[in-house]
There are 2 protein chains.
Amino acid sequence: MTDPTDDQVASLAAALDVFSRRFKLKDAGAGRPLAEIDKHILHYVEAHPGCGPTDVARNFGVAMTTISSATDRLAKRGFLERLRPSEDRRAVALRLTGDGTSYTAAQKQAYLIMFRAMLAPLSPAERDTFVAMMTKISSYEG
Amino acid sequence: MTDPTDDQVASLAAALDVFSRRFKLKDAGAGRPLAEIDKHILHYVEAHPGCGPTDVARNFGVAMTTISSATDRLAKRGFLERLRPSEDRRAVALRLTGDGTSYTAAQKQAYLIMFRAMLAPLSPAERDTFVAMMTKISSYEG
DNA sequence: GTTGAATAATACGAACTACGTATTAAACTG
DNA sequence: CAGTTTAATACGTAGTTCGTATTATTCAAC
């Protein structure tokens with residue numbers, strides 16, 4: 001396969017520059033906004049209930065202590081609870097609280113609205129094509 | 001125009017989730033990595049040589065003092081110089097140094113490589129279609 | 001079974017960032 | 001020329017990341 005042309009690359013650069021500015025998500029809840037990593041943690045814990053800080057740290061490639069601080073913040077905020085499972089009493093099992101679940105739900109809803117806005121300018125047929133291309137790009141194993 | 005279907009939105013969400021993880025840029029230079037805002041400032045100053053901190057703050061929607069600190073960091077690092085124009089001696093005119101120019105050039109180069117990687121999985125014809133769609137989405141005035 | 005190594009997590013401190021308030025200096029305004 | 005506005009910085013506070021040290025628990029070997 002030939003390489004992308006310089007024109008294609010330059011146009012993509014320009015489009016993505018605007019794109020990244022335009023499609024930026026506000027924080028879902030009230031009060032002080034969460035740090036980026038905190039939001040990632042909430043989504044990860046929702047998908048992996050009962051996981052531990054070590055899993056989270058490995059998954060995001062940050063230091064364990066960072067996750068410890070972050071889960072501490074989230075627990076204080078009432079979004080996360082740390083349970084000591086009887087099976088291994090060193091470990092903690094992370095779970096979303098009701099508030100945490102609401103928060104992540106609201107954030108996911110906001111994402112969906114944003115994705116709808118992305119697709120809005122395209123025709124129904126173009127939307128399928130676009131989504132297929134994004135999927136192709138994302139799942140490509142180079 | 002009808003709304004995007006739930007399927008389309010869900011597929012896009014899944015694709016962009018992977019997309020955002022995969023296409024993440026490492027820091028261009030050596031030494032301690034720059035803060036995000038610092039990199040944005042370098043690109044802005046390159047595009048608007050002689051601009052002042054106030055312009056930059058307005059452009060990015062952050063506090064003036066944040067830009068003051070940031071330009072201070074960048075100046076200490078040798079990426080930026082602050083000149084006092086004779087015309088208005090309150091103002092400072094920001095300019096990239098040679099090192100600053102090199103840094104931004106390296107970062108832009110890294111972006112281009114990333115954009116090439118994005119387009120690589122698509123056929124030449126698809127690339128045009130994809131770039132056109134991204135442009136359409138970015139420039140849409142809803 | 002007890003001792004020693006490995007593992008899970010936290011406590012604490014150092015380095016850094018963002019930003020609000022106060023301050024300095026220069027340029028307008030009447 | 002006094003008062004206000006404007007541009008920027010100094011300084012302090014709050015918050016984040018992460019490295020090192022510490023605590024508690026489990027595993028391994030003898």
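Computed from heavy atoms alone, side chains included, the values below leave out hydrogens, waters and symmetry copies. Chain naming here is simple, since letters A, B, ... match the order of the sequence lines and numbering starts at 1 in each.
Straight-line distance from the CG atom of B/L74 to the P atom of C/dA18: 11 Å, rounded to whole Å. The distance between atom CD of A/E36 and atom P of C/dT17, rounded to the nearest whole Å, is 18 Å. Atom C1' of nucleotide D/dG15 and atom CD1 of A/I37 are separated by 15 Å, given to the nearest angstrom. Whole-Å rounding puts the A/R84 CZ to D/dA24 P distance at 11 Å. Rounded to whole angstrom, the span from the CG atom of B/L83 across to the C1' atom of D/dT9 amounts to 17 Å. At whole-Å resolution of the value, CG in B/D72 and C1' in D/dA8 are 11 Å apart. Rounded to whole Å, atom C1' of D/dT17 lies 16 Å from atom CG of B/D27.
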For residues 40-53 of chain A, which side-chain donor-acceptor pairs fall under 3.5 Å, sequence neighbours excluded?
| residue | atom | partner | partner atom | Å |
| --- | --- | --- | --- | --- |
| A/H43 | NE2 | A/Q107 | OE1 | 2.8 |
| A/E46 | OE1 | A/K108 | NZ | 3.1 |
| A/H48 | ND1 | A/Y44 | O | 3.1 |

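Annotation: proximity of residues 60-67 of chain A to DNA chain C (heavy atom, distance under 4.0 Å) is found for A/M64, A/T65, numbered in ascending order.
Taking 4.0 Å as the cut-off between side-chain N and carboxylate O, A/R77 and A/D99 do not count as a salt-bridged pair. Looking at B/D72 and B/R82, a side-chain N of the basic residue comes within less than 4.0 Å of a carboxylate O on the acidic one, giving a salt bridge.
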Whether each nucleotide of nucleotides 25-30 of chain C has a protein heavy atom under 4.0 Å at its base (B), only at its sugar-phosphate (S) or at neither (-) is summarised, 5' to 3', as BBS---

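The listed nucleotides are D/dC18, D/dA8, C/dT10; the one nearest the side chain of B/T54 is D/dA8.
In terms of phosphate contacts, A/R73 brings a side-chain nitrogen or oxygen within less than 4.0 Å of OP1 or OP2 of D/dT17. For the OP1/OP2 pair of C/dT10 and a distance below 4.0 Å, the side-chain nitrogens and oxygens of A/R82 include at least one atom meeting the criterion.
When the side chains of ILVMFWY residues are joined at heavy-atom separations under 4.5 Å, either directly or via intervening members, A/F23 and B/F130 end up in a single hydrophobic cluster.
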